[in-house]
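In this chain, residues are counted from 1 in sequence order.
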Amino acid sequence: MKKILVIILAVFSLGVITAKADNDRVITKDALPVKAQQFINTHFASSKISYIKEDRDFFDRNYEIVFADGAKVEFGRSGEWIEVDCRYTSVPRAIIPDAINVYVKKNFSDTQIVEIERKRGNYEVKLSNKLELVFDKKLNIKGIDD
């Protein structure tokens, strides 16, 4: 009986901890890390912000900015961008590493980069023709997915 009670208590505690871990809240632009504020002021100065959400987990904190035109930018704890999704327009060229810009212009000249994401050791790029390109950390093409 004691074991069953301990197991039930452990499962209940795990559920409470998991529910508490996902703590999203709407914040203002001033509450963003300075790097994120500078990024928005530089690359999305003319875009109207719909909302800014802070996603706090136990060990991490991310920020998501959604603009009125549907574009989204996600930042990490320190304010470095993780993902830029412009949906209906192209990602600002200054955000994209030069080698990726050159590769896309050379091989897919009639497309635009509408989304870019930085992951551990690589970049994932989505083009307006729905192709997805993967580049390694040295910006060499690793794969193409349709």
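Under the salt bridge (Lys or Arg N to Asp or Glu O under 4.0 Å) criterion, no residue pair touches residues 36-45, with sequence neighbours excluded.
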Start with the C-alpha gap between Glu83 and Lys72, add the side-chain angles, then the distance that decides, and say whether salt bridge (charged side-chain N to carboxylate O under 4.0 Å, His left out) holds.
CA-CA 8 Å; Glu83 181 178 3; Lys72 288 192 261 184; over 6 Å; no

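One finds the CD atom of Glu54 at 4.5 Å from the CZ atom of Arg25 (value rounded to the nearest 0.5 Å). How far CD1 of Ile144 is from CG of Leu131: 7.0 Å, rounded to the nearest 0.5 Å. Within the model, atoms OH of Tyr88 and CG of Asp69 stand 9.5 Å from one another, a figure rounded to the nearest 0.5 Å. In this structure, CD on Gln112 lies 7.5 Å from OG1 on Thr89, to the nearest 0.5 angstrom. If you take CG on Asp55 and CG on Asp24, they are separated by 4.0 Å, rounding to the nearest 0.5 Å. The CG atom of Asn62 sits 7.5 Å away from the CG atom of Asp57 when rounded to the nearest 0.5 Å.
In this structure Arg93 satisfies the side-chain contact (heavy atoms from CB on, under 4.5 Å) test together with Asn101, sequence neighbours excluded. In this view, Glu117 satisfies the salt bridge (Lys or Arg N to Asp or Glu O under 4.0 Å) rule with no residue, not counting sequence neighbours. The salt bridge (Lys or Arg N to Asp or Glu O under 4.0 Å) search around Arg87 returns none, not counting sequence neighbours. Residues satisfying the salt bridge (Lys or Arg N to Asp or Glu O under 4.0 Å) criterion with Lys137, sequence neighbours excluded, are absent altogether. For Lys35, the side-chain contact (heavy atoms from CB on, under 4.5 Å) partners two or more places apart in sequence, or in a different chain, are Glu80. In terms of the ring-ring contact (aromatic ring centres under 6.0 Å, His included) criterion, residue partners of Phe135 (sequence neighbours excluded) are, by chain and number, Tyr103. With sequence neighbours excluded, the residues forming a side-chain contact (heavy atoms from CB on, under 4.5 Å) with Glu132 are Lys126, Asp145, listed by chain and number. Looking at residues two or more places apart in sequence or on another chain, you find a side-chain contact (heavy atoms from CB on, under 4.5 Å) between Ala99 and Leu139.
A single hydrophobic cluster is seen to contain both Ile96 and Phe108, as judged by linkage of ILVMFWY side chains at heavy-atom distances under 4.5 Å, directly or through other members. Val91 and Leu133 end up in the same hydrophobic cluster when Ile, Leu, Val, Met, Phe, Trp and Tyr side chains are linked at under 4.5 Å. In the hydrophobic cluster analysis, where Ile, Leu, Val, Met, Phe, Trp and Tyr join through side-chain heavy atoms closer than 4.5 angstrom, Val134 is grouped apart from Ile113. Under a hydrophobic-cluster definition in which Ile, Leu, Val, Met, Phe, Trp and Tyr are linked whenever side-chain heavy atoms come within less than 4.5 Å, directly or via other members, Tyr123 and Val114 are assigned to different clusters. The hydrophobic clustering, which links ILVMFWY residues whose side-chain heavy atoms are closer than 4.5 Å, places Val73 and Ile82 apart.
The minimum heavy-atom distance between Pro92 and Cys86, with the atom names listed, is CD-SG, 4.2 Å. Scanning both residues, Tyr63 and Arg77, for their nearest heavy atoms gives CE1-O, 4.0 Å.
The closest side-chain heavy-atom distance from Ile116 to Pro97 is below 4.5 Å. Counting only heavy atoms from C-beta outward, the side chains of Ile52 and Thr28 never approach each other to under 4.5 Å.
Connectivity analysis of hydrophobic side chains (ILVMFWY, heavy atoms under 4.5 Å, direct or indirect) links Val66 to Tyr51.
Crowding of Asp60 atom CG: a count of heavy atoms from other residues, nucleotides or ligands under 6.0 Å exceeding 12.
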Check: residues 39-50 side-chain donor-acceptor pairs under 3.5 Å, at least two apart:
residue : atom : partner : partner atom : Å
Asn41   : OD1  : Lys29   : NZ           : 2.5
Asn41   : ND2  : Gln37   : O            : 3.2
Thr42   : OG1  : Gln38   : O            : 2.8
Ser50   : OG   : Ala68   : N            : 3.3

